[in-house]
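Step one of this worksheet: look at the structure below.
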Amino acid sequence: MADEAKVRVVVVGGGTAGWMTAAALAKLLPTVCSVHLVESEAIGVVGVGEATLPHIRAFNEKLGIAEADFMRWTRATFKLGIEFRDWGRIGDSYIHPFGTFGRGHGEVDFHHYWTRMRAAGQPVPPLEHFSYACMLARQNRFRLPGTEPRDLASTFGYAYQFDALLFAPYLRQLAEGLGAQRSEGIVVAVDRDGESGDIRAVTLQGGERIEGDLFVDCSGFRSLLLGEAMGEPFQDWSRWLPTDRAVAMPCRTATDVTPYTGAIAMPAGWRWRIPLQHRTGNGYVYASAFVDDDTAATALAAAVEGEAIAQPRLLRFRAGRRERSWVGNCIAIGLASGFLEPLESTSIYLVQAAITALVELFPERRVSPVDRDEFNRLIDLEYDRIRDFLILHYHATTRDDSPFWDYVRTMPIPDSLAEKIELFRRRGRVVKYREGVFLDASWIAVYVGQGIVPDGHDPRADLPPLDALAAGLRNLRTEIDATVAQAPAHIDFIDRYCPMAEAA
């Protein structure tokens, strides 16, 4: 396709969202569109989203990114899941793994057999002892997954923990190598068509005018195009997700470089711990209605496990999303579209989901309402289902030791979540969807980890004799323990596979 026939895409904003978008469009649709990204070095990026979900591996593969190279340059570590401490009650600990419980195949999910054993009064270890991913994480070990379906090593996946401030420059180099153009400058005006309302061009502070056919808003919380210029309303979900601030502070690594992210409950929210190759990321996500900024910063400083290497940095946000993420010829991706706090590391996934939908529904010069509506349906589903999953973590608690935990424990929750909880509590059944990021094992891990144990189970789990079932569970646990013991230590695997590159 000749350049003049290509759809001119203008991406407003850099950072992770902007450069992921630019790199993906330049790589996957090179004959269909041209890409022009506008960003300003004078405008900072959030840059603390250091933990991801396994889906990022598929994104990187599509862009032709070599894993070991990417991990070296972003100083990444591996992530097998998230450890939640003190959530259901103080002293509790469980892992949400990127993998299944049991062997992950069969008509009846493994947790039904585990539930039957408990109901029969049989001694049975915690559910996570039957997850290969959980046991690797608990012993601070790592190996790459296997490909043989019946092998335990095929029952898990992994993600990355990396330096977010290094990811965008890495993608920029890739995108520009694929032909994406970049302009430096602050957008000071948005020119819209008087009849259609579509955006025609953006004007930079120095006077440069950049015209386009499709505009992608990656301007962060400001939502310069979709929110300010197009006036798209924002759905506020803070009544269910009341945390609205975070204070972040990296430190030197003084403890294990764990293959999992830590989420430790605090009096007015929770604290993250994300070990990278060169430092450990820390932050306190909190509700300002229950604690002030200075107290939160002091609490974080007292909790970090090593010497701080930067001053505390304050971030303000609000949980929710725009009513629509695609309006006219403007598509918002990332924080410009919505924000769900980083409890389950979904921010980069939501960027990726929007990019994937955009590539699959990429418009011609004239946008089809059918494509636009389908994009909005898909993105709304992602946000709404992640919202329910996050609310579950807060609401499924017995903690009453602070006003914050009293509030989230007793607050009304969306009907969609209440129905999911009741279905699992009664029969151990997990609502299944064709679309959405978190599969059965994720919901099961949080339900059981925070004390929602089913009263009943799938009747097919009653078919094996109880003694045969007990023997099967013992054998499975023995096999998991023996297989995990053969895996190398996490840091040793990193040192061989992807030791960090020296700073430029």
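Sequential numbering from 1 along the given sequence is applied to the chain's residues.
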**Prompt:** Do the rings of Trp87 and Trp270 sit parallel, tilted or perpendicular, given the 30° and 60° boundaries?
**Reply:** tilted
**Asked** Between Arg322 and Glu232, does at least one N-O distance fall below 4.0 Å, as a salt bridge requires?
**Response** no
**Request:** Would you kindly say whether Asp388 and Ser416 are connected by a side-chain donor-acceptor distance under 3.5 Å?
**Result:** yes
**Request:** Using only heavy-atom distances, determine whether the side chains of Tyr383 and Gln235 contain a donor-acceptor pair under 3.5 Å.
**Result:** no
**Mutual orientation of the aromatic rings belonging to Phe78 and His490 [parallel < 30°, tilted 30-60°, perpendicular > 60°]** = perpendicular
**Request:** Classify the angle between the aromatic ring planes of Phe221 and Phe339 as parallel (below 30°), tilted (30 to 60°) or perpendicular (above 60°).
**Result:** perpendicular
**Asked** Is there a donor in the side chain of Asn140 and an acceptor in the side chain of Tyr260, or the other way round, less than 3.5 Å apart?
**Response** no
**Asked** Are Thr261 and Gln161 close enough that a side-chain donor and a side-chain acceptor fall under 3.5 Å?
**Response** yes
**Asked** Does a donor on one side chain and an acceptor on the other come within less than 3.5 Å for Thr258 and Arg273?
**Response** yes
**Request:** Please say whether more than 12 non-hydrogen atoms of neighbouring residues, nucleotides or ligands are located less than 6.0 Å from CZ in Arg89.
**Result:** no
**Request:** Evaluate the ring planes of Trp326 and Phe375, with Trp represented by its six-membered ring, and classify them as parallel (under 30°), tilted (30 to 60°) or perpendicular (over 60°).
**Result:** perpendicular
**Request:** Give a yes or no on this: more than 12 heavy atoms of other residues, nucleotides or ligands lie within 6.0 Å of atom CZ of Arg429.
**Result:** no
**Request:** State yes or no: are the ring centers of Tyr158 and Phe98 separated by less than 6.0 Å?
**Result:** no
**Message:** Which label fits Phe156 and Phe142: parallel for a plane angle under 30°, tilted from 30 to 60°, or perpendicular past 60°?
**Reply:** perpendicular
**Asked** So, do Phe70 and Phe167 have ring centers that fall under 6.0 Å from each other?
**Response** yes
**Request:** Show your reasoning for whether side chain to side chain donor-acceptor pair (under 3.5 Å) applies to Ser345 and Thr52.
**Result:** CA-CA 5 Å; Ser345 309; Thr52 59; over 6 Å; no
**Message:** Pairing donors with acceptors under 3.5 angstrom, does anything connect the side chains of Tyr160 and Glu67?
**Reply:** yes
**Prompt:** Between Asp92 and Arg85, is there a side-chain N and carboxylate O pair less than 4.0 Å apart?
**Reply:** no
**Prompt:** Donor-acceptor pair, Arg399 side chain versus Asp86 backbone, under 3.5 Å?
**Reply:** yes
**Message:** Salt bridge check, Asp380 against Arg324: does any charged N sit closer than 4.0 Å to a carboxylate O?
**Reply:** no
**Asked** Quick check, are the ring centers of Phe101 and His112 under 6.0 angstrom apart?
**Response** no
**Message:** Is there a side-chain contact (heavy atoms from CB on, under 4.5 Å) between Leu343 and Tyr394? Walk through the geometry before answering.
**Reply:** CA-CA 10 Å; Leu343 182 60; Tyr394 287 108; 4.2 Å; yes
**Asked** What residues, two or more places apart in sequence or in another chain, satisfy side-chain hydrogen bond (donor to acceptor under 3.5 Å, both in side chains) together with Ser288?
**Response** Asp244
**Asked** Do Trp443 and Phe389 make the cut of ring centroids closer than 6.0 angstrom?
**Response** yes
